[in-house]
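Worksheet for the structure shown next.
Counting starts at 1 for both ligands and their atoms, in listed order. The analysis underlying the following values was restricted to heavy atoms, covering all of them including side chains, and did not include hydrogens, waters or symmetry mates.
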Amino acid sequence: MTALLEVEGLRVRLPTPRGFATVVDGIDYHVEPAQVFGVAGESGSGKTMSMLALLGLLPPGAVVEGRAAFGGKDLLRLRGRELRAVSGRDIGMVFQDPMTSLHPMLTIGQQLTEHMRRHLGLGRRAAGDRAVELLDQVRIPGPRSALHAYPHQFSGGMRQRIAIAIALACGPRLLIADEPTTALDVTVQAGILRLLDRLRREHDLSVVLITHDLAVMSSIADRISIFYAGRVVESGRRDELLRRPRHPYTRALLDALPHPEAARDTPLVAIKGAPPSPQQIPPGCRYHPRCPYAIEVCTMDDPPLVPTDGRRLACHVDPFADGE
Ligand code: SF4
């Protein structure tokens with residue numbers, strides 16, 4: 001299958017008072033049509049920065065290297081109007097907190113129609129009709145009257161649905177959802193995931209789902225990449241990766257999740273230590289200071305990400321190779 005988005009060697013460096021910090025360090029991945037690609041890892045692993053780089057949304061002074069092929073164009077080479085046309089029309093973005101992406105002083109209708117009039121050149125009436133259709137698609141009750149309401153009049157889950165409607169307004173082929181359910185309670189979270197899954201099937205939409213929570217991936221992602229300290233440490237098909245994690249970090253992320261069959265007082269297994277800051281990346285495997293399986297070579301040589309048994313893995317030891 002031809003990939004919709006193919007990213008190679010993506011590297012992002014951000015300016016800091018102490019020089020440049022490399023926050024994404026040579027990442028490759030691809031997103032296939034109508035599939036959900038999950039990106040997981042702790043805060044600061046480079047998940048969000050690697051996506052913002054594609055849309056030209058990095059802070060001033062950021063340096064980006066690599067290639068991101070999308071629809072015959074390299075997103076990393078686009079500038080100005082050309083980039084805005086692609087990022088506003090062909091790629092939609094949904095953020096964690098819809099209150100930061102929705103304008104509090106504008107009605108939902110204004111926000112939806114403004115986007116479509118600018119990018120699709122629709123007239124007022126056509127944009128209004130399309131806005132009602134979009135709100136209906138994301139299951140906002142009474143979509144026509146919702147057009148006249150303001151964001152604060154909706155619950156968190158409804159606001160996130162509206163943010164998704166805005167992201168879908170111009171019929172994008174790719175939707176990037178950055179922690180779209182983190183601020184929501186479990187029931188609302190499940191509803192948003194079902195919505196994304198349905199939109200993907202009904203509209204042939206590809207979705208990049210960024211989350212720190214592997215449980216969120218388990219219901220929806222087709223393939224998953226695990227990010228750690230700006231690198232991919234393991235990637236593969238969801239079932240394989242969640243059922244038989246091979247990288248010690250993937251295993252630790254899964255062990256840190258509450259188990260549905262565990263007794264109420266069973267403590268969660270926290271991951272020892274904290275991820276390194278981009279200015280203090282340890283030599284060798286970046287995970288070695290936290291890894292219970294580290295051996296001497298791990299402290300000196302950075303393991304490459306290599307194909308193994310239908311997945312890609314970066315680990316010298318591969319302690320779960322036999323599925324234990
Ligand atoms: Fe642990 Fe070594 Fe594998 Fe890194 S390379 S994850 S330190 S065992």
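Classified by interplanar angle (parallel below 30°, tilted 30° to 60°, perpendicular above 60°), the ring pair Tyr287/His247 is tilted.
The distance between the ring centers of Tyr249 and Tyr293 does not fall below 6.0 angstrom.
Panel note: side chain Arg312, backbone Glu234; no donor-acceptor pair is recorded below 3.5 Å.
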For this session: Check the pair Arg124, Asp129 against salt bridge (charged side-chain N to carboxylate O under 4.0 Å, His left out), reporting the backbone distance first and the verdict last.
Result: CA-CA 9 Å; Arg124 192 180 297 274; Asp129 289 345; over 6 Å; no

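Within 4.0 Å of ligand 1, counting heavy atoms only, the contacting residues are His247, Pro248, Cys285, Tyr287, His288, Cys291, Tyr293, Ala294, Cys298, Pro303, Cys315, His316, Val317.
A donor and an acceptor atom, one from each side chain of Ser45 and Arg231, are nowhere located under 3.5 Å apart.
Stacking of Arg173 on the aromatic ring of Phe70 is recorded, both the 6.0 Å distance cut-off and the 45° axial limit being met.
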